[in-house]
Structures are given as C-alpha cells and as structure tokens.
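Within every chain, numbering begins at 1; the chains are lettered A, B, ... in the order of the sequence lines, protein sequences first and strands thereafter.
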Protein chains: 2
Amino acid sequence: MEPVSTEQVAAFRRFNRYFTRRIGVLNDHYLGQDRPLGEARLLFEIAESPAGVSLRELRSRLGLDAGYLSRMAKALQAQGMVRLRTHPDDNRLRMIELTPAGRVEVKEQNRRADTLASDVLKGLTAPQRQQLIDAMATARRLLRLAAITVEWVDGHAPDARACLDAYAADLDARFPEGFDKADLVRPEQVSGDAGAFFVAYEEGRPVGCGALRRLEPGMGEIRHVWVHPDARRLGLARRLLAAIERESLRRGWHVVRLDTHAVLTEARAMYRACGYREIPAYTDHVYGQHWFEKRLTG
Amino acid sequence: MEPVSTEQVAAFRRFNRYFTRRIGVLNDHYLGQDRPLGEARLLFEIAESPAGVSLRELRSRLGLDAGYLSRMAKALQAQGMVRLRTHPDDNRLRMIELTPAGRVEVKEQNRRADTLASDVLKGLTAPQRQQLIDAMATARRLLRLAAITVEWVDGHAPDARACLDAYAADLDARFPEGFDKADLVRPEQVSGDAGAFFVAYEEGRPVGCGALRRLEPGMGEIRHVWVHPDARRLGLARRLLAAIERESLRRGWHVVRLDTHAVLTEARAMYRACGYREIPAYTDHVYGQHWFEKRLTG
DNA sequence: CATATTCTTTGACTTTAGTCAAAGGAACCT
DNA sequence: AGGTTCCTTTGACTAAAGTCAAAGAATATG
C-alpha cells in the first residue's frame, strides 16, 4: 500500500483541530446544563435503551469503573432521572432505566443540540447546506471504512457462526422462497486446506463476512459475502472480496467462481464492477440463479 | 432564508457524534504523554507563537482563569518546557516562550499526532484517502463560512479602518504600480446617507470588508471588497457582495457599479459569476481598468 | 500626584473524574 | 453443599480542573 502523503496528514489534522474546537467543545459544555459531563453522557447512554440496561452493559459500553458508575447512577437516581431495579432473572445485575422526568430531560438536551446544529446550518444557503451535509456523510463513510478491519478467522469461531446466522436470517427475509440454513458452508469446508473464512470488525463488533472454499484444483468458490445492515454502503463488500481473492491467489487458485440469487441485484452489480463476468451455470444450487467467474492476477 | 430540514440537522449531529467519539477522544488523551491535558493544550498554544506570547493573550485565547494559567505556566517552567520573562515595554505583562526542550517536546507530540492521523488514512486506498481529505476540506470550508457574519459598521469604526489598511497593504503588494492609501474612501463617504460599510467577522476577528457609496441618484458604487488571505476561497466575497447589494436596494439605488484593477483576475471572474456585466469606463480612476454594472432586483 | 486600572501571583477552596480494594449477595459449577 | 465467579456497593483515596478573592507591582488617567 502506498505511503500516506504528509500533505494529506496535515489536511486531516487541520480538519480535526478545527472541528473539535468549533463543534466538539460546544456540544459537551452546552448540552449538559449544570450536570457534570460524566452524568450527562451516562444519561444519554441510558436513553439509548428505552427498555432499560444493566449497569454491567453500561460499564463495558462507556468503559467506566464499577464504583464510579455505581455512584453516578445513584446521583441520577437522587435527581429523579432514572429508576434502578434488579434484573428479574439474575439478582446480581441492576437494571437502570429513565423515569418520565429523565425522558423529558433527554428530550430537552436533544432539542438544545438540534438548535445548536440548526444555528450552524442557518449561516449557509440551501445548496451550501446540502454540500456540507454531503461532505460530512462522505467523511463519515470513509472514516468508518478506515476503522474496519478484515480478519481471517477459523470457520468454527463464534464470530464466524454469528455472521452466518445473521446472513441466513437476512436472506430468509429477502428470498421469496425463504432460506434454509442447511445451505450454509460447514465449518470444516472453510478451514485448513479446504478454504478460509473472513470476518470484518468495526470497533470489535463483527459487521460482515465472506468465505472461500476449494471448488476443484486451481479453482476457488466465494460464498456468503455478507455485510451487516448498519455497515452497508461503505464499500465493505469490496474489501471482503479483495481479502478473499488475495487468499485464493496465495493458495494458487487462480480462478474464483460464485453464484448468487436473482433478488440480490446490488450484489450482481458489485460483482460486475469488481471484474467478475457472468458465466453459464456451474452448479444446480437451490439459491443460485446467476453465476460469475473471475481470473485472478497477482 | 429557508428553514433547516430536520433530516439535515440529524445528519449533522450524526457526524458530530461519530467524529468526536472516534477522533476527538483519541487526539487529546494520546498526545499529552503523561502531561495533564490542560498543560499539553497550553504548550501547544504557546508553540503557535514562536516569538513568545503574553499570559494575558493566552488567557483570552484559551479562556482560562488567571490563577489557573499562572500555576500551569509555573509547572511548565519547572519542567523546563518554557521560559517566563517580563514584557520589555510593560512590566505588568509576562511573556512566555518555549525553551529548546519545549520545542523538542512539541515536535514529538506533533509527530505522534501525525502517526495517529496516518494510521487512520492507512486503512483506505489512495483514491479513498483523497476523497476523505476532499470531503473534510469541503466541510471545513463550509463550517468556517457558516461561522462568519457580515455586519454593518460605521465608516469610522476601528475595525473598518483596520480592514482598509490591510486592503491597502494587500493591493500595494499586488499592483505593479503600488497602491496609494489616498485612494481609499473617507469614513464620511460610507456613513449615513452617503453610503455604508460592512465588515465580515470570524470568531470576533475582522476578516473582510466591503463599502457602498452613492455615485449618483438611484445608483451606488461598490468599493473595497476585500477578504483576508486566511479567509479566501470560502465564498466570503460573494456574501459581502450580497450584503452590499441588499443595502443598496434598501436605499432605492437599483443599479450598482464598480471598477477593478487588471491584475485582479479572480475578482473579475467573481463579479461576472455574480451577475455583473462589463461596461465602458465610467471613471478615470487610477486603479480602474475594468468597469462593471449590475441592475438589482429585489 | 493621587487614584484607578491592569496584570500576575498566591492561598484557600470546590467539583469532577477516576482508581483501588474490601465486602456482600447471587448465581454457577461440580 | 461448598467453592468459585460475577456484579454491585461502599469507603478511602488521588489528580486534574477550575473558581474566587486578596494582595502586590506596574501602568494609565484625570
């Protein structure tokens, strides 16, 4: 991979500096009213789970010390913002949820944040606003993509199975005829010499996968390329594909094939854009209605 | 002006949240080594002024309490990072500047920040990197523009004169024949019924100006439209122009004219893009080589 | 020249943010 | 049933961040 130019690094940092000074600071100080930042952040995080969250969950989400969190929770309770209860199934866990007053408070803070954002945008004309929003969306998309890593994992790994389960559920909802999990590759088909399995992680969370397995000598098959709904439209599928192709080449499988379902039109478009060409049926797979092939060059 | 759509506000906040979580947090914690954040920030701010700054200046720039700053300065001095001296002309002021060791430290922190930025960019392909940098540049440009306000000020106001002085110095450097300050409008020509003066402010600092004065009944003349070098390429000149035109219309001067120097080619392009058309000479102004006119419609 | 103002330093606080360890109750494991 | 693990609470800290007011020195102002 090419080195990063110093000019790009400088531009990146220039934006970071300006942005944190302009927006970052404002947001935090302004929002919390007279509540300390830690409490305000906690309140917001609790609001994310309307049905209530365990302290344990909050602790790992916000990376807080147990004692610190316990005290902040108590403080919010004293202010009437939250209610604390023990978990119905596990008396060790404490569940925390907003009271009506807490919900009002969060709503008010959100309103204030909206006003702030709106005030910034008001300084621009309508086309400029759209341009800003578009630029931010692009920047966010690319920042997210930059933070996602594609990693090789064993076909038996829990993350691999979790992705495949989500993949299966996804297809089951999209295929008119549903999807039978029996069609998924078995762990041993994508382990060792038989194949490989890749999982994409965003901040520790699996958000996509893709499998490679041996089809015949010198030829691999790509299966189960899937991206979590939250991580779509980032260009992640291409990254997964690239990782699989690299691995295929490494093994000396210079041709890869795949089949895909008729309803997955975006997938077809992507494969074409990535250099795959449609070929005649090479399987009589239940869910295969389009077949593709690509000759890899390293 | 059109109201801001809630979808745009939501997108704006989405970016803010993501960005501050991803970048904001990292930057601060990582950089400071084992120095407290406040001191690290102070060190960086001092580094911005290689010739030294007064504590007073730092206090207003960073919005710190006098006592707090005094103590932090002492701490940095004890660490050998800065040198404190009294101002040569005013013994009340203390000047602070980096020692060689301080400069090394800042350099090291900068190197670390560069590495951090570079690490993020490394996760992208070369075209994606450029796309991210471009999106950030666009976002920054528009955020800055949104923060700039154009205000009516009296022609005698110090900010008005400061802008005109900078304008004159600027032109003096760019015109082959130099620029004579006697050519500037006199304050009374742009005050009251005779005309108006506008200054653009970015975070309290004047960064541009523009004047309107009566040429003949029903006709105004635009003069001295200028933007500070730091604030160019933001689209600020157009904003100044728009403010002047609005004021002209308000006064019932339905036609505005202006002249401009041959070397200012960007200015000419902008006037054309803003609906001005070139007309025959209406003055025999020393620095006028192109003449423009626009009929205003409200 | 006296008085007001400006700027910095110092002492004496407070609040936030965060850490660590001990302890108690509940659930899990064998 | 007994030990282990898990989760939360509490007490006892520390460091950072920030506030307020008094005091002292220098400068500006009438």
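The side chain of Leu55(B) approaches dT9(C) more closely than any other nucleotide in the set dT8(D), dT16(C), dT9(C).
Rounded to whole angstrom, the span from the CG atom of Asp65(B) across to the P atom of dT9(C) amounts to 12 Å. When the P atom of dA28(D) is taken as reference, atom CG of Asp89(B) falls 10 Å away, rounded to whole Å. We find that CZ of Arg85(B) is positioned 20 Å from C1' of dT9(C), with the value rounded to whole Å. Distance, Arg56(B) CZ to dA28(D) P: 12 Å, rounded to whole Å. For Arg94(A) and dG24(C), the CZ to P distance is 18 Å, given to the nearest whole Å. Atom CG of Leu93(A) is separated from atom P of dG25(C) by 17 Å (rounded to the nearest Å). Note: OH (Tyr68(A)) to P (dG18(C)) measures 4 Å, nearest angstrom. As a whole-Å value, the separation of Leu37(A) CG from dG18(D) C1' is 14 Å.
The side chain of Arg92(B) places no N or O atom within less than 4.0 Å of a non-bridging phosphate oxygen (OP1 or OP2) of dT5(C). Side-chain nitrogen and oxygen atoms of Arg41(A) include none within less than 4.0 Å of the OP1 or OP2 phosphate oxygen of dA17(C). In this structure, Asn91(A) does not reach the dC7(D) phosphate: none of its side-chain N or O atoms is under 4.0 Å from OP1 or OP2.
The 5' end of DNA chain C is approached more closely, in terms of each residue's nearest nucleotide, by Glu57(B) than by the other of Gly38(A) and Glu57(B). Comparing Asp90(A) and Lys74(A) against DNA chain D, the residue whose closest nucleotide sits nearer the 5' end is Asp90(A).
Between Glu108(B) and Arg112(B) there is a salt bridge, with a side-chain nitrogen of the basic residue lying less than 4.0 Å from a carboxylate oxygen of the acidic one.
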Please tabulate, for the side chains in residues 197-211 of chain B, all donor-acceptor contacts under 3.5 angstrom to protein atoms that are two or more places apart in sequence or on a different chain.
from	atom 1	to	atom 2	distance (Å)
Tyr201(B)	OH	Asp159(B)	OD2	2.5
Glu202(B)	OE1	Arg144(B)	NH2	2.9
Glu202(B)	OE2	Arg144(B)	NE	2.9
Glu203(B)	OE1	Arg21(A)	NH1	2.9

Side-chain donor-acceptor distances from residues 75-84 of chain A under 3.5 Å, at least two apart:
from	atom 1	to	atom 2	distance (Å)
Gln79(A)	OE1	Arg35(A)	NH1	2.2
Gln79(A)	NE2	Glu39(A)	OE1	2.9
Gln79(A)	NE2	Ala75(A)	O	3.4
Arg83(A)	NE	Glu97(A)	OE2	3.3

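One can find a donor-acceptor pair under 3.5 Å joining the base of dG11(C) and the side-chain atoms of Arg71(B).
Listed for the Arg232(B) side chain is a donor-acceptor partner under 3.5 Å among the backbone atoms of Val227(B). The main-chain N or O of Ser54(B) is never found under 3.5 Å from a side-chain atom of His87(B) such that the two would form a donor-acceptor pair.
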